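Below is one structure, written out as structure tokens; comments come after it.
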Amino acid sequence: MELIHSSLGRMTIIRQVFPLWRDTNVRCMRNNHRISSLLCDPQEGYLQSLEVSNLYLYDSVLMLANAFYRKLEDRKWHSMASLNCMRKSTKPWNGGWSMLDTIQKGRISGLTGLMDFRAEGSNSHVQFEILGTSYSETFVKDVKRLASWDSTRGLNGSLKENRIESGMHGVTLKIVTLLEEPFVMVAENILGQPKRYKGFSIDVLDALTKILGFKYDIYQVGDGKYGSALPNGSWNGMIGELIGKRADLAVSAITITPERESVVDFSKRYLDYSVGILTHKSEEKINIFSLLAPFDLAVWACIAAAIPVVGIMIFLLRRIQAVRCHSNTGHSPPPTSTSLQSAIWIVYGAFVQQGSDSILGSVALRIVMGSWWLFTLIVCSSYTANLAAYLTVSRMDNAIRSFQDLSKQVDLAYGTVRDSAVYEYFHAKGTNPLEQDSTFAELWKVINKNNGFDNSVSSPSEGIRKAKRESYAFLWDMAVVEYAALTDDDCTLTIAGNSMSTRGYGMALQHGSPYRDLFSQKYAI
């Protein structure tokens, strides 16, 4: 970077790249032995801090060990008894040429990728990328990728920098899209007129056309895919349309990923990206006996038994008080009811905190009623607190608020769209041996059940319909599931958020496209 900022002209850089490092499983495991986590964790800038010579040094030792192992396994080992570093007249080792031949015929997967040598000794899997200096959206000199090269496909991209300084008047772009609410939708169309589109991404595209002055022809991708790498190295979906030069620009809810950035260019993100959990709202069950839930049945039975017991005690104490008053003074006691029913009614009134109009003359009566009042105060306070907690917990029952909640339950099935960016994200996190949390491993086990055909779906619309009709949680872009919940006529859908990564939505262009920086600059406007 120091040379780039101090250079007066354009600088071109050629460097070797190692695509296998993007795969965590391949990067961290080599021939059944684990590589240090310092080399595997992408957050540590593993590739920037390592020199290419260090990577090749590691692979050289690995290749030599593999050759020795094959020699010993085939039992074609040549004796090394004649070798002596202290003697100048040592004869050449007879097994030298055989060892070189074994090394060249070896095939290993190392830190630099797959090493498979040809007859002339060159590695057929070496890949290079060509970078050139340009000006970014901040108008400072920066480096961007111009092209890539490998021995199979040759040069992919252009070394010419066709920079557009101001506008794109007179330019007509071929744009590929994919229907995804609310990003791209079909607008109401007049009969006989070309199909028109609307949505958030289309609004951004139309704003750019007004600023830059270009026109566009838009069409839908045939296979209905955003774009993922196939086993043969090609790409499908909208990314495949850009690589095949059939489209200049891809516009939809397309996320910026490192895998896609290796084959196409992306503009600056225009919207942040996160994953939402779309589920069906749980039906509120009304239980007329929920008022009894705070206490156990045994507690209610004890309270019901305590009321008549205390009532009998009040009744007996009142009778004793009346007899003593009559024998001591010869006068009748105050005109208060001394029946058993009256005593129980007074105890019940005190329990429900309604008070009573009884006259407590003796000390014994006051001690019993004071103890009963204290008991009712404790019982009523406990009931009120437990009832509030019970109603709160009942509302939160079976609520899915995060990936952790989803992974810990077994009643609700969940999944996402097969072969999508979200699907690949859960695959990478769920199969990473260095992942400390088992949440993503459990999620991936359910999502990928039967290779994704049991719980995952083929399209976002199918996932939304499944979440609405069945007991199913659909994991997809937050913006999409929020729109689905807001536009649901029956109001039966609910969403929960989970911050997935620092990715975002952007517009994809061909490698070396002259429009990338211009689009990124105009986003701020």
Side-chain angles (χ1 to χ4, degrees), residues 177-185 198-205 225-228 237-238 250-260 266-282 399-407 409 412-430 437 439-440 443-444 446-447 452 455-468 472-508 523:
T177 189
L178 175 64
L179 296 181
E180 180 76 273
E181 297 180 351
F183 291 87
V184 179
M185 299 174 287
K198 64 179 182 179
F200 182 73
S201 297
I202 301 299
D203 292 342
V204 175
L205 181 64
K225 302 287 186 181
Y226 284 97
S228 58
M238 292 188 291
V251 174
S252 187
I254 183 168
T255 54
I256 304 173
T257 64
E259 293 78 15
R260 291 171 179 170
F266 276 95
S267 65
K268 184 179 178 181
R269 70 171 65 180
Y270 58 84
L271 184 66
D272 290 334
Y273 174 78
S274 62
V275 168
I277 305 173
L278 182 69
T279 57
H280 193 277
K281 288 182 180 178
S282 59
I400 303 298
R401 300 179 299 276
S402 64
F403 289 154
Q404 287 76 14
D405 297 336
L406 201 60
S407 64
Q409 58 83 41
L412 187 66
Y414 50 89
T416 185
V417 178
R418 292 186 295 271
D419 300 327
S420 63
V422 180
Y423 189 85
E424 293 301 326
Y425 171 78
F426 284 109
H427 176 217
K429 296 282 286 185
D437 192 358
T439 298
F440 287 96
L443 292 173
W444 175 244
V446 177
I447 293 173
N455 294 325
S456 294
V457 294
S458 59
S459 64
S461 57
E462 180 185 350
I464 295 172
R465 289 194 301 267
K466 192 172 181 179
K468 186 175 181 179
Y472 180 78
F474 180 53
L475 310 178
W476 197 238
D477 298 0
M478 178 62 78
V480 177
V481 296
E482 278 185 345
Y483 180 81
L486 290 173
T487 56
D488 181 28
D489 296 332
D490 301 327
C491 296
T492 58
L493 296 175
T494 182
I495 57 174
N498 250 88
S499 180
M500 176 176 139
S501 66
T502 57
R503 297 177 181 176
Y505 300 97
M507 293 185 177
Y523 277 163

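If you read the sequence from its start, that first residue is 1, and numbering goes on from there. Computed from a prediction, not measured in an experiment: that's the story for all the values here.
Side chain of Ser201 to backbone of Val184: no donor-acceptor contact under 3.5 angstrom is found. A distance-only check finds no donor-acceptor pair linking the side chain of Thr416 to the backbone of Tyr423 [under 3.5 Å].
Put simply, the side chain of Val417 does not reach to within 4.5 Å of the side chain of Val422, judged on heavy atoms. Taking the side chain as every heavy atom from C-beta outward, Ser228 and Glu424 never approach each other to under 4.5 Å. Side chains of Tyr483 and Leu486 form no contact here, defined as non-hydrogen atoms less than 4.5 Å apart. Side-chain contact between Leu278 and Trp476 is absent, with no heavy-atom pair separated by less than 4.5 Å. For the pair Ile447 and Leu475, the minimum side-chain heavy-atom distance is below 4.5 Å. At least one side-chain heavy atom of Phe474 sits under 4.5 Å from a side-chain heavy atom of Val457.
For Val446, the side chain to side chain contact (heavy atoms under 4.5 Å, CB included) partners are Tyr414, Asn455, not counting sequence neighbours. Judged as a side chain to side chain contact (heavy atoms under 4.5 Å, CB included), and not counting sequence neighbours, the contacts of Ile256 are Glu261, Phe266, Arg269. A search for side-chain hydrogen bond (donor to acceptor under 3.5 Å, both in side chains) contacts involving Ser407 returns nothing, not counting sequence neighbours. The side chain to side chain contact (heavy atoms under 4.5 Å, CB included) search around Leu271 returns Phe183, Phe200, Tyr505, not counting sequence neighbours. With sequence neighbours excluded, the residues satisfying side chain to side chain contact (heavy atoms under 4.5 Å, CB included) with Asp488 are Lys468, Asp490, Thr492, Leu493. Shown here are the side-chain hydrogen bond (donor to acceptor under 3.5 Å, both in side chains) partners of Glu462, two or more places apart in sequence or in another chain: Ser458.
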Exercise for review: Check the pair Ser461 / Ser459 against side-chain hydrogen bond (donor to acceptor under 3.5 Å, both in side chains), numbers first and verdict last.
Suggested key: CA-CA 6 Å; Ser461 57; Ser459 64; 3.2 Å; yes
